Amino acid sequence: MLKVHSRCDLSCDHCYVYQHADQTWRGRPVRMPPATVRAAARRIAEHAREHKLPVVHVVLHGGEPLLLGAAGLREVLAELRTAITPWTRLDLRMQTNGVLLDEELCRLFVEYDVKVGVSFDGDRVANDRHRVFAHGGSSHEHVRRALALLRRPEHRASYAGILCTIDVRNDPDRVYEALLAEDPPRVDLLLPHATWDHPPQRPGPDPTPYADWLGRIHRRWVDDGRPMSIRMFEALHPGGGGTEAFGLAPADVLVIEADGSWEQVDSLKTAYHGAAGTGFDVFEHSVDEAARHPAVAVRQDGADGLCATCRACPVLDRCGGGLYAHRWRTGSGFDNPSVYCADLLRLIETVDAYPPPAPPASAEWSATSPVEEVLDDLATGHGSPSTLTLLAATQLSITRALLASCRDRSGTTAAWELLVHLDRAAPEAVRAVLEHPFVRPGLVHRLDPWALPGVRAAVDPLPALAIAAALRAGIPAVLRVPVRADAITLPTLGSLVLPGLGESAEVTVRPGGFQVRAGSVERTVLLDPLAPPPAGWLPTRDVPVPAGRLLVEDGDPYRDCYGQPVTSRLDGPAARALGRTLAEAWRVVHRDVPAHAAALDGGLRAVVPLAPDPARPLRSATARHAFGAVAVTPHPDPETVAVLLVHEWQHAKLGAVLDLYDLVEPNQGTRIRVPWRPDPRPPEGVLQGVYAHLAVTQVWQSRAATDPGDASAHAARYLAWTRDGADALLASRSLTEAGERFVGQLRHALEETRVGSR
Ligand code: SF4
Ligand code: SF4
């Protein structure tokens with residue numbers, strides 16, 4: 001943590017820098033001098049080099065770092081990148097109050113890949129309770145403006161999240177809603193700094209007000225489907241991994257003050273004057289020397305560094321004695337439980353008593369699997385079934401987060417409440433609906449009508465989702481559902497087309513079906529697969545494939561998210577013919593490339609028929625928001641369709657990976673020439689092409705074993721395209737470190753493929 005500016009433009013009364021026991025800031029330079037920045041950068045680089053560290057995190061901090069101005073910050077960032085990047089990956093971050101943030105600074109942070117966290121305590125009442133200017137004026141609107149700037153698509157990559165210091169006098173629901181409204185990637189909830197000498201405020205008789213206040217937010221967060229990451233709750237869940245404030249992991253933070261002093265974590269300033277000092281500085285002492293200071297070393301000892309009470313505590317491994325500074329008491333020093341001990345114990349009980357719905361089996365796997373494992377596995381060309389399960393699970397959690405964001409756009413909470421109820425009573429039914437590939441496009445469209453190609457009326461998607469889940473669960477329910485073009489579409493089940501319904505209709509779920517009513521129009525639909533569908537009910541149709549059933553999706557209004565014309569509902573013979581071709585094509589994939597077939601089995605749920613175009617009879621497509629589906633022109637030849645399925649499924653998998661990891665450096669104007677297109681392509685497009693062509697190469701090489709003629713020629717062409725594309729990508733320097741690893745491994749897989757084909 002680098003204290004680049006030691007003064008602040010706010011005057012928060014809960015600030016540990018200026019308002020607590022330590023007052024060392026008074027003797028420090030206002031700005032960190034350039035020579036000190038240089039020395040600090042050299043020390044960090046030296047440490048990374050000697051210990052071969054894969055990554056170093058540097059947080060620009062203060063006071064208020066933005067007081068350095070754009071030019072001053074640019075100098076600091078350039079110095080850090082120049083000195084450290086040759087030796088390790090530099091993860092640059094900043095913690096700011098946001099007051100001075102403007103577009104120029106946002107552009108600078110995007111340019112230098114700085115992730116910015118903003119201190120913000122919630123709604124206006126909560127924020128202005130402490131976070132005010134010296135004249136007492138509110139900072140609330142200033143900070144909200146800063147958060148809005150960071151949310152913009154062009155700056156979003158630099159939005160790290162919100163740091164919120166809690167006060168139990170604030171309304172937890174309002175604070176939660178204010179935080180959620182800012183759409184932060186992550187929220188850090190901080191207990192106000194306190195010690196046994198200066199205990200926290202406990203208004204009223206409640207012995208654990210902090211646990212109860214946080215417990216209320218935890219419940220909202222779980223009920224909402226965990227729409228944002230809240231680090232405290234994630235850390236407190238069993239196996240959550242801990243943070244600086246929880247758990248037994250060794251402390252791994254050192255502070256470099258504006259005068260170059262090495263210090264311990266800032267929060268110690270709350271204990272006593274000079275508590276964070278080490279007596280070392282960056283000019284004379286290395287990181288290792290600072291880390292060997294006894295007060296730092298004791299925090300590497302896990303449970304052995306804690307007091308006897310904590311060592312005997314049943315939640316020791318999850319609480320870890322709380323934040324080090326909160327243990328301070330004159331006389332016994334830090335050899336005490338946290339001053340928040342009772343609250344921490346109660347909070348852990350509260351978190352345990354209201355767990356999130358059971359995660360998919362893959363979540364445990366994902367928690368222990370590093371990024372490299374996932375990328376290396378996918379770079380084989382196909383990816384293992386467990387990686388596919390992981391990608392599907394993460395796609396589902398994105399859909400859940402969008403669902404929670406859409407809740408606030410609903411005029412009524414009835415659909416949301418029904419979904420929350422069903423998620424507890426019949427989670428498999430809700431899951432089956434939310435996994436439908438065209439749910440996410442519907443939610444995205446609701447949040448941003450211009451985000452998708454095609455023009456559709458904007459309707460609230462939640463009621464139809466809730467009714468579809470209730471029908472699948474067989475649980476009675478009644479909701480008003482919006483009507484679009486005389487139709488109500490229930491994802492995964494079908495559409496009811498009934499003129500005269502108007503803009504919305506009351507839908508009642510009954511045993512075996514549902515009833516729709518709008519004015520004098522009424523229709524009952526029984527979902528009996530053996531009986532002919534009632535007039536106006538157009539059920540979805542599927543075909544058996546090795547993995548289960550594949551939907552031929554020609555009814556969902558969001559299936560046009562591919563930017564290409566789709567067919568209207570196919571008649572019976574055409575739908576059956578397409579289904580037969582798809583099922584046969586799937587078997588062909590199993591015959592040619594079983595590993596790719598296993599990846600198809602792991603995630604492909606629907607195929608959308610594209611409208612025929614005589615000029616381009618063979619087309620296919622994938623949409624980033626519609627994981628689990630691909631679009632193809634109906635084609636009678638299963639051998640041809642098999643190649644299309646493999647090709648498009650590669651795009652779907654890579655799209656899901658790109659939702660998780662940055663493989664391409666953001667905001668570049670780079671264009672790369674590739675052999676399969678006449679026009680130069682952006683790096684992400686080339687990456688997609690390379691990944692798809694790798695799989696197609698593998699298909700043709702397999703076929704070449706029995707058909708050396710055309711198949712060998714196809715294999716050679718795709719092999720050359722993939723190799724040239726991968727080499728061009730690696731040479732372009734447009735990939736992140738993870739991207740370079742991925743393409744490097746993929747290149748390796750290609751060599752293996754080539755050797756295997758000889
Ligand atoms: S913005 Fe941060 S550094 Fe500034 S006074 Fe408030 S808490 Fe302290
Ligand atoms: S709950 Fe209390 S006793 Fe238990 S580890 Fe935490 S601070 Fe120590």
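All values reported here derive from a predicted model rather than from experimental measurement.
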Inset, instruction - Begin with the C-alpha distance, continue with both residues' side-chain angles, and end with the deciding distance and a verdict on side chain to side chain donor-acceptor pair (under 3.5 Å) for R407 and T413. - result: CA-CA 7 Å; R407 180 199 55 171; T413 59; over 6 Å; no

Inset, instruction - Step by step, work out the side-chain contact (heavy atoms from CB on, under 4.5 Å) result for L347 and M232. - result: CA-CA 10 Å; L347 179 60; M232 173 188 277; 4.0 Å; yes

Legend entry - Test log, rule side-chain contact (heavy atoms from CB on, under 4.5 Å), inputs L465 and L403: CA-CA 10 Å; L465 297 177; L403 191 69; 3.7 Å; yes

Legend entry - Residue pair E177, R220: steps toward the salt bridge (Lys or Arg N to Asp or Glu O under 4.0 Å) verdict: CA-CA 9 Å; E177 283 156 13; R220 288 284 309 267; 2.9 Å; yes

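Checked by atom type, the side-chain pair T208/D343 shows no donor-acceptor distance below 3.5 Å. Using a 3.5 Å distance cut-off with no hydrogens or angles, the side chains of D183 and Y159 do not pair a donor with an acceptor. Side-chain N/O atoms of R440 and T399 include no donor and acceptor closer than 3.5 Å. T736 and D662 share no side-chain donor-acceptor pair at under 3.5 Å. No hydrogens or angles considered: a donor-acceptor pair under 3.5 Å links the side chains of S620 and E648.
With hydrogens and angles ignored, the 3.5 Å screen pairs a side-chain donor or acceptor of R480 with a backbone N or O of S504. No donor-acceptor distance shorter than 3.5 angstrom exists from the side chain of R216 to the backbone of D171, with no hydrogens or angles considered. Judged by distance alone, the side chain of Q564 and the main-chain N or O of A621 form no donor-acceptor pair under 3.5 Å. Side-chain atoms of Q395 do not come within 3.5 Å of backbone N or O of I398 as any donor-acceptor pair. The main-chain N or O of P491 is never found under 3.5 Å from a side-chain atom of T489 such that the two would form a donor-acceptor pair. Proximity of a side-chain donor or acceptor of E553 to a complementary backbone N or O of G555 within less than 3.5 Å is detected. Formation of a donor-acceptor pair under 3.5 Å by the N170 side chain with backbone atoms of P172 is not found in this model.
No close placement of the Y661 and F742 rings is indicated, their centers lying 6.0 Å or farther apart. Proximity of the aromatic rings of F233 and W221 is defined here by a centroid distance below 6.0 angstrom, and this criterion is met. For an aromatic pair to be called close, the ring centres must be under 6.0 Å apart, and H140 with F120 satisfies this. Ring pair Y558/H445: centre-to-centre distance below 6.0 Å.
Between E503 and R484 no salt bridge is recorded (no basic side-chain N to carboxylate O distance below 4.0 Å). Between D352 and R318, at least one side-chain N (NZ, or NE/NH1/NH2) sits under 4.0 Å from a carboxylate O, which counts as a salt bridge. A salt bridge between R424 and D223 is present, with a side-chain N of the basic residue lying under 4.0 Å from a carboxylate O of the acidic one. Between R446 and D448 no salt bridge is recorded (no basic side-chain N to carboxylate O distance below 4.0 Å). Using a cut-off of 4.0 Å between Lys/Arg side-chain N and Asp/Glu carboxylate O, R93 and D113 are scored as not salt-bridged. A salt bridge between R346 and E349 is present, with a side-chain N of the basic residue lying under 4.0 Å from a carboxylate O of the acidic one. Here R605 does not pair with D542 in a salt bridge; the nearest charged N to carboxylate O distance is not below 4.0 Å.
By the 4.5 Å heavy-atom criterion applied to side chains, E665 and L735 are not counted as neighbours. Counting heavy atoms from C-beta on, the side chains of P463 and D460 come closer than 4.5 Å. Under the 4.5 Å side-chain criterion, counting only non-hydrogen atoms from C-beta, E182 is in contact with R151. Proximity of W416 to L462: side-chain heavy atoms (C-beta onward) are separated by under 4.5 Å at one or more points. Using a 4.5 Å cut-off on side-chain heavy atoms (C-beta onward), S119 and T165 make no contact. Proximity of L660 to L391: side-chain heavy atoms (C-beta onward) are separated by under 4.5 Å at one or more points. At a threshold of 4.5 Å between non-hydrogen side-chain atoms, the residues V439 and L402 do not count as touching. Between Y562 and V608, some side-chain heavy-atom pair lies under the 4.5 Å cut-off.
Between the NE2 atom in H421 and the CD1 atom in I475 there is a gap of 5.0 Å [rounded to 0.5 Å]. Once rounded to the nearest 0.5 Å, the distance linking CD of Q688 with CD of E684 reads 6.0 Å. Interatomic distance, L422 CG to R431 CZ, rounded to the nearest 0.5 Å: 16.0 Å. Q650 CD to T622 OG1: the interatomic distance, rounded to the nearest 0.5 Å, is 10.0 Å. A distance of 10.0 Å separates CZ of R231 from CZ of F246, quoted to the nearest 0.5 Å. For the atom pair SG (C164) and CG (L189), the distance works out to 5.5 Å, reported to the nearest 0.5 Å.
For R174, the CZ atom is loosely surrounded, since the number of other residues' heavy atoms within 6.0 Å does not exceed 12. More than 12 heavy atoms of other residues, nucleotides or ligands lie within 6.0 Å of CD in E506, so this atom counts as buried by the packing criterion.
Scanning all heavy atoms of the two residues, the minimum distance from P546 to D601 falls at CB-OD1, 4.4 Å. Nearest heavy-atom pair, H596 versus G381, reported as atom, atom and distance to 0.1 Å: CE1-O, 3.1 Å. Taking both residues in full, the closest heavy atoms of P385 and A598 are given as CG-CB, 4.4 Å, listed atom of the first, atom of the second, then distance. Residues V664 and P683 approach most closely at CG1-CB, 3.7 Å, considering heavy atoms. For A695 against V646, the heavy-atom pair with the smallest separation is CB-CG1, 3.6 Å. When every heavy atom of L550 is checked against every heavy atom of A606, the shortest pair comes out as CD1-N, 3.5 Å.
Ring geometry, W649 versus F627: the interplanar angle falls from 30° to 60°, so the pair is classed tilted.
Of the listed residues (D376, T380, D377), just one forms a side-chain hydrogen bond (donor to acceptor under 3.5 Å, both in side chains) with T387, and that residue is D377.
For the pair R559 and F438, the NZ or CZ position fails the cation-pi test of under 6.0 Å to the six-membered ring centre and within 45 degrees of the ring normal.
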